[in-house]
Amino acid sequence: VSTQSTEIQTGSNLRQQYIVNSNFLSKNLDPTQIYLRTDNELRTLQSAESMILGLYPENTTGSTQILDIWTMDYDLDDMQVNTHLCPVVTDLYTEAVFSPYSALIP
């Protein structure tokens, strides 16, 4: 199973939950309702595109829709652990790995 097909299926599942079941999102893509953010790696950009294809598989309005995908350079990314933004993370990780309790972590 390819990553693309997995992400399209994820988007389809989100469509079922947020559009079909709950009417939380519009049936047609409305860029004002969705903020899509990923890091600046090609693979994650492609995953985001595939997920949106599953969420909105067809354009029923007859016009081209554009959805911005916001990216962040790794050095400034604050949505994941980032040693560039918080150097203390490296010390905490090292301390945890060499802790006598680390053997208890599965």
Side-chain angles (χ1 to χ4, degrees):
V1 176
S2 71
T3 301
Q4 182 181 22
S5 63
T6 301
E7 291 301 332
I8 290 173
Q9 183 60 51
T10 298
S12 179
N13 293 343
L14 292 171
R15 179 178 183 77
Q16 185 65 38
Q17 183 62 38
Y18 291 111
I19 297 172
V20 176
N21 293 346
S22 67
N23 293 315
F24 182 73
L25 295 172
S26 299
K27 289 183 180 181
N28 294 313
L29 178 61
D30 178 357
T32 65
Q33 292 183 329
I34 297 176
Y35 178 84
L36 195 57
R37 167 127 161 17
T38 183
D39 61 29
N40 204 19
E41 294 291 326
L42 180 59
R43 65 180 173 74
T44 56
L45 286 164
Q46 290 172 332
S47 291
E49 290 171 352
S50 296
M51 189 271 302
I52 287 297
L53 282 174
L55 186 59
Y56 290 100
E58 56 189 52
N59 183 355
T60 58
T61 64
S63 64
T64 301
Q65 291 284 333
I66 296 174
L67 180 64
D68 291 324
I69 299 176
W70 298 89
T71 62
M72 180 71 69
D73 289 332
Y74 176 76
D75 290 345
L76 302 174
D77 193 349
D78 61 356
M79 291 185 68
Q80 57 189 354
V81 176
N82 187 337
T83 58
H84 295 281
L85 295 177
C86 183
V88 174
V89 168
T90 302
D91 297 335
L92 293 173
Y93 176 79
T94 302
E95 183 180 325
V97 168
F98 292 106
S99 161
Y101 302 106
S102 67
L104 301 175
I105 300 172

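On a predicted model such as this, the values are computed, not experimentally measured, just so you know.
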Going from OG1 on T38 to CE on M51, what distance comes out if it is rounded to the nearest 0.5 angstrom?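 Separation between the atoms: 9.5 Å.
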Roughly how far, to the nearest 0.5 Å, is OH of Y35 from CD1 of I69?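 Reported value, rounded in 0.5 Å steps: 11.5 Å.
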Can you name the closest pair of heavy atoms from [X] and [Y] and give their distance?
X	Y	answer
Y56	N28	CE2-C, 3.5 Å
L55	R15	O-NH1, 2.8 Å
L67	P31	CD1-CA, 4.0 Å
S50	I8	O-CG1, 3.3 Å

Under the rule for ring-ring contact (aromatic ring centres under 6.0 Å, His included), what residues qualify as partners of F24, not counting sequence neighbours?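 So F24 forms a ring-ring contact (aromatic ring centres under 6.0 Å, His included) with Y18.
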Co-members of the apolar cluster containing L76 [side chain, <4.5 Å]: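 The other cluster members (ILVMFWY side chains, heavy atoms under 4.5 Å, direct or chained) are M72.
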So which residues get pulled into M79's cluster when ILVMFWY side chains under 4.5 Å apart are joined, directly or through others?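 Via sub-4.5 Å side-chain contacts, M79 links to none.
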Donor-acceptor contact present, side-chain D30 to main-chain T32, <3.5 Å: yes
Can you see whether [X] engages [Y] through a side-chain donor-acceptor pair at a distance of less than 3.5 angstrom?
X	Y	answer
T44	S47	no
Q17	N13	no
Q33	S26	yes

Take a 6.0 Å sphere around CD of E95 and say whether it holds more than 12 heavy atoms from other residues, nucleotides or ligands. no
Do F98 and Y93 share a hydrophobic cluster (ILVMFWY, side-chain heavy atoms under 4.5 Å, transitive)?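 Both belong to a single hydrophobic cluster.
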In terms of side-chain geometry, is the basic nitrogen of R37 or D77 positioned less than 4.0 Å from the acidic oxygen of its partner? yes
